[in-house]
Amino acid sequence: MASGARADERTDSKLASTPTAAAARAADEPALPDGSISCGSANRGALYNGARMPDRGFGWVTPQTWSKRGVRYGTDELVGAIQRAARTVAAQYPGSLLGVADLAKEHGGAAAGHRSHQSGRDADLLYYAVDENGAYFAPDNVMPVYTRHGKAYYSRAPTWQKRIPVRYFDLARNWALVRALLTDDVATVQAIFVSRRIKVWLIDYAKKTGESPELIHLARHTLAVPRHVQAHDDHMHVRVECGADDHKAGRCRNDQAPSRGKGRKWRWHMRCPWTPRRPGA
Ligand SMILES: [Zn+2]
């Protein structure tokens, strides 16, 4: 969200008074952004001026397990997209709350339990659930694992629990969430990671309820089943694309940083590629 006028002004004055190398650097350097900047890749990156996802709002809640971890920051696009999608689902199905788990740390970088989530473009969302009578089941402090018939009775994260209150995958709300994310006006969703089985359920549901072929095509390509990462049978992982400002100021990359070998995670802290200057500094 760099102001073009501001960038031009500064570039002009620098060009007039400094040697060529410094002028070239100045021309490269973007003006101080007003909004968030995602830097680097999702698996090796940082976040500047990230937005904090509020713990509660119209249509969503962050259960305590995640709110106390503090991994709650994202780009303006990501945080906005989650709020707008949760609101859309709650408007369609009154009383629904989307469970929002981890996003990124305040300045991004490696977060415990995640390989990506480093640059503010990733978020984990709990699937909407219903009870055995089809009544809405509010998110609690676990990630229920949805088994073959959509039934969940145990969890793997954040801790292994052999027995949790039984619930079922809520097709209608989960599809409404995917639909809202895919049709967001501001953010472009790059991928929604789900398990193979859940992708089949969602696409079948979309066809059965008469969604347009264009939307189904988009869902087919955006719902992704990762090869190496653990199955997303207990949460949905949403990644938004780099925005124009992220590309420009943060060297944001939609592709992953090359692996360190044997699937090891990038751990050291990467800084955003430029040092932001405060106005007047
Ligand atoms: Zn995730």
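The analysis underlying the following values was restricted to heavy atoms, covering all of them including side chains, and did not include hydrogens, waters or symmetry mates. Order of listing sets the numbers, starting from 1, for every ligand and every atom in it.
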Any side-chain donor near an acceptor of the partner, D102 and H117, under 3.5 Å
no
Assess the side chains of Q190 and R121: does a donor N or O sit below 3.5 Å from an acceptor N or O?
yes
When the ring centroid of Y127 is compared with that of F169, is the distance short of 6.0 Å?
yes
I'd like to know whether the aromatic ring centres of Y154 and W160 sit less than 6.0 Å apart in this structure.
yes
For D124, what is the atom name of its N, O or S atom nearest to the Zn ion (ligand 1)?
OD1
Nearest to the Zn ion (ligand 1), which N, O or S atom of H117 do we find?
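That would be atom NE2.
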The Zn ion (ligand 1) to nearest N/O/S of H237 below 2.8 Å:
yes
